[in-house]
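In what follows, chains carry the letters A, B, and so on, assigned in the order in which the sequence lines appear, proteins first and then strands, with residues in each chain numbered from 1.
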Number of protein chains: 2
Amino acid sequence: MVSKGRVTIREVAERAGVSTATASRALSGNHPVPAATRARVLRAARDLDYVANAHARALVGGGRKMAAVVVRQVTSPFYAQVAEGVEAEAADRGWLCVVGATGGDAQREMDFVRLMREEGARLVILVGGVVEDDAYRERVAHYAHALDSSGARLVLCGRPAPDPEIPALVVEFDNEAGARAVTAHLLSAGHRRIVFLGGLPGNTALDARVAGYRAALAEHGLPPEAAHVVDCGLGRAPGHRAMTELLKRTREFTAVFAGDDMVAAGVLRAIAESGLSVPGDISVVGYNDIPLAEDFNPPLTTVRTPAEELGRAAVRIALRDPEHAAGAHHLLGTHIVVRDSVGAPPPGRAL
Amino acid sequence: MVSKGRVTIREVAERAGVSTATASRALSGNHPVPAATRARVLRAARDLDYVANAHARALVGGGRKMAAVVVRQVTSPFYAQVAEGVEAEAADRGWLCVVGATGGDAQREMDFVRLMREEGARLVILVGGVVEDDAYRERVAHYAHALDSSGARLVLCGRPAPDPEIPALVVEFDNEAGARAVTAHLLSAGHRRIVFLGGLPGNTALDARVAGYRAALAEHGLPPEAAHVVDCGLGRAPGHRAMTELLKRTREFTAVFAGDDMVAAGVLRAIAESGLSVPGDISVVGYNDIPLAEDFNPPLTTVRTPAEELGRAAVRIALRDPEHAAGAHHLLGTHIVVRDSVGAPPPGRAL
DNA sequence: ATGAAAGCGCTAACAA
DNA sequence: TTGTTAGCGCTTTCAT
């Protein structure tokens, strides 16, 4: 290496015997430069292994193509799929993609969004359900306006816009419809006492699923008291714990609707540990259809939410028509994937 | 919003009635500024919702704290965990973390590394085994020198340095030891005909596991012919396909050592489909202990490779002592996690 | 076709 | 303590 530090366009220009202006033109290739000159510059750049300084370029050019996805955890299969979708769609367009993890902490979310503003991200995608309180509404309104005023876009994935007037767009799954569908699936298998395990009061995604669950129950002529919601939140461990406790307390149910597939993993485990079988004694359904759901014991019947498509859609929609996009609300469909975790209720326990 | 475009330090300075230099000093807080002035500036910045332009800052300050992890796929549980470790360790130090996915394509890897050079990343972490051919060696040598000459560091995670002289450091698991240990576990359960399914000739991680497998066999006094390696590569689908075929061809084995847990998922599935049981008829072990391995049917005995720790270690080591780090080679230990997928060979088939 | 020069937003000397 | 000035590396007028 000749000298410490990056090689600049100046060195390239010198070596090619031209000015930095000409070098710049040849390198970016938007201005007409004679082929011979151009070749000399390109050659020099290659010899020197020159790469442009993105900061300098962004400073003069007004930002760069960078998108940011913010998720709770990268290791959650669902979030990982969404992030992969965003990454893939961004990469397809030559955009850089930054992934941020918040661990569910609002402060870290705020810090990260601020950082993205500093970095000049032109697209910020916030993924995952949240509890929609005043703090949330204020936070998001702030993000939206701040981002918008510097020409960047905000996409809310699977979480609501606190106010339709806000310059943000929303892309999410129809949680209520999906939940209604699986609940109906359980009902038509003969189940009448179904518990929803994994509620998280205030969380928009879970509340919608609970609403769909209640709606399906009502549509089948069951009274409101037939609904039984255990608010244990999401995750394998909470699901396992809640199910273990529930089994100790009562057997007044024949099926479990888990808030998501990770909860379902915990539920299946708890049932197995209690010596019961699925679906022989208890039927179980999950939500999301994560990649390993078919490897559970038994393979899990669940609702497929095309997570990668959600991520891709977020980018696509945000970049499609910048003007009309604000305030738009897109719903992605879901469907049931039937595997082996649902059967008829055990004889004699149907009601 | 007053004007389109970002608020600059100039506007903050104006509003606070000071020069941009003073504003800068008050904002970054490294130079002494009287409390009163400082408060005025901070106030103005808050009122205007000012965020510094990271590009301008990086341009003058000589880069910024940014690390990049490059993985094959974000949705692979193992890679996701490594990425999470890197992200967490980077965030702890106030560094930004960028995640890139290559899909296993060398070209995309090169493009991404180049992009990171443009962006001024000070730390690039390449994760995952590779086939170590000439193209690979050349590529990595280039990354290493290019990054080094601009003061950035390269970390190879779970892949070898093509040449110890190269300015890169290596952090990886002791694949051979881990593989030897699980193989020994299988042997002491009585198995003698164990097939290794998921080889990928040339891939350093898999080759090391195969070597450990052969070593364990040899240590137990078995002849080299006792080794049976099926090179189907990694992933659930290849594992499923290869196992299905293998079962059609022969039953001359009582245990399967899957190249990783995803392969194991496919293997378990194939065995179940063929009407056989695990571990009654065939024992199975995996590698990596991904988060859902205990939810497989049956819960999988596997080798725990602390993936998140690998990611954290990569950052920690690279940032620890910049001078002595180059060329260093760190090995992280692994251990077996015993669950229910290993049993004694069926009576009469032990040998 | 090409060079000189201005300036993107910020920080760091250097003065005052 | 504070303001003035000079760049960081690049692109882009404006001349030539």
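In terms of heavy atoms, G17(B) sits closest to R40(B) at O-NH2, 4.1 Å. Residues G129(A) and A205(A) share a closest heavy-atom pair of CA-CB, 4.3 Å. A pairwise comparison of heavy atoms in L332(B) and L310(B) identifies CD2-CA, 3.7 Å as the closest pair.
Over its full length, the helix from dA1(C)-dT16(D) to dA16(C)-dT1(D) turns its helical axis through 40°, comparing axes from the five pairs at each end and rounding to 10°.
Note on A52(A): only backbone sugar-phosphate atoms sit closer than 4.0 angstrom, heavy atoms only; bases stay farther off. Across all strands, T37(B) comes closer than 4.0 Å only to sugar-phosphate atoms, never to a base (heavy-atom distances).
Between R25(A) and T37(A), every side-chain heavy-atom pair lies at or beyond the 4.5 Å cut-off. Contact of the N53(B) side chain with the R57(B) side chain is not registered, since no non-hydrogen atoms from C-beta on lie closer than 4.5 Å.
E11(B) and R6(B) are not joined by a salt bridge, as no carboxylate oxygen comes within less than 4.0 angstrom of a charged side-chain nitrogen. Using a 4.0 Å cut-off between a side-chain N of Lys or Arg and a carboxylate O of Asp or Glu, D111(A) and R108(A) do not qualify as a salt bridge.
Looking only at distances, a side-chain donor or acceptor of H145(A) sits under 3.5 Å from a matching main-chain atom of A141(A). In this structure, the side chain of R159(A) engages the main chain of G128(A) through a donor-acceptor pair within 3.5 Å. H55(A) contributes a side-chain N or O that, together with a main-chain N or O of E119(B), makes up a donor-acceptor pair within less than 3.5 Å. A donor-acceptor contact shorter than 3.5 Å is absent between the side chain of R15(B) and the backbone of A45(B).
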Review item, nucleotides 3-7 of chain D N/O atoms under 3.5 Å of protein N/O:
residue: dG3(D); atom: OP2; partner: S19(B); partner atom: N; Å: 3.0
residue: dG3(D); atom: OP2; partner: S19(B); partner atom: OG; Å: 3.1
residue: dG3(D); atom: OP2; partner: T22(B); partner atom: OG1; Å: 2.7
residue: dG3(D); atom: N7; partner: R25(B); partner atom: NH2; Å: 2.7
residue: dG3(D); atom: O6; partner: R25(B); partner atom: NH1; Å: 3.3
residue: dG3(D); atom: O6; partner: R25(B); partner atom: NH2; Å: 3.3

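Sorted by first and then second residue, the ring-ring contact (aromatic ring centres under 6.0 Å, His included) pairs involving residues 78-108 of chain B (not counting sequence neighbours) form an empty list.
Distance L59(A) CG to dT12(D) C1': 14 Å, rounded to the nearest Å. Atom CZ of R6(A) is separated from atom P of dG9(D) by 9 Å (rounded to the nearest Å). Between the P atom of dC10(D) and the CD atom of E119(B) lies a distance of 13 Å, rounded to the nearest Å. To the nearest angstrom, C1' of dT12(D) lies 14 Å from CZ of R57(A). For I9(A) and dG9(D), the CD1 to P distance is 12 Å, given to the nearest whole Å. Taking atom CG on L27(A) and atom P on dT12(D), their separation rounds to 13 Å, with Å as the unit. Taking atom NE2 on H31(A) and atom C1' on dA15(D), their separation rounds to 15 Å, with Å as the unit.
Distance CE/M110(B) to CG/L115(B): 13.5 Å, rounded to 0.5 Å.
Chain B approaches DNA chain C over the interval dG9(C) to dA13(C), counting the first and last nucleotide 5' to 3' with an atom under 4.0 Å from its heavy atoms.
A heavy atom closer than 4.0 Å to some atom of DNA chain D occurs in no member of residues 39-48 of chain A.
Partners of R93(A) by salt bridge (charged side-chain N to carboxylate O under 4.0 Å, His left out), not counting sequence neighbours, listed by chain and number: E89(A).
Toward the 5' end of DNA chain D, the nearer of the two residues P32(B) and S24(A), judged by each one's closest nucleotide, is P32(B).
Between dC8(D), dC10(D), dT2(D), one nucleotide has an atom nearer to the side chain of V33(B) than all others, and that is dT2(D).
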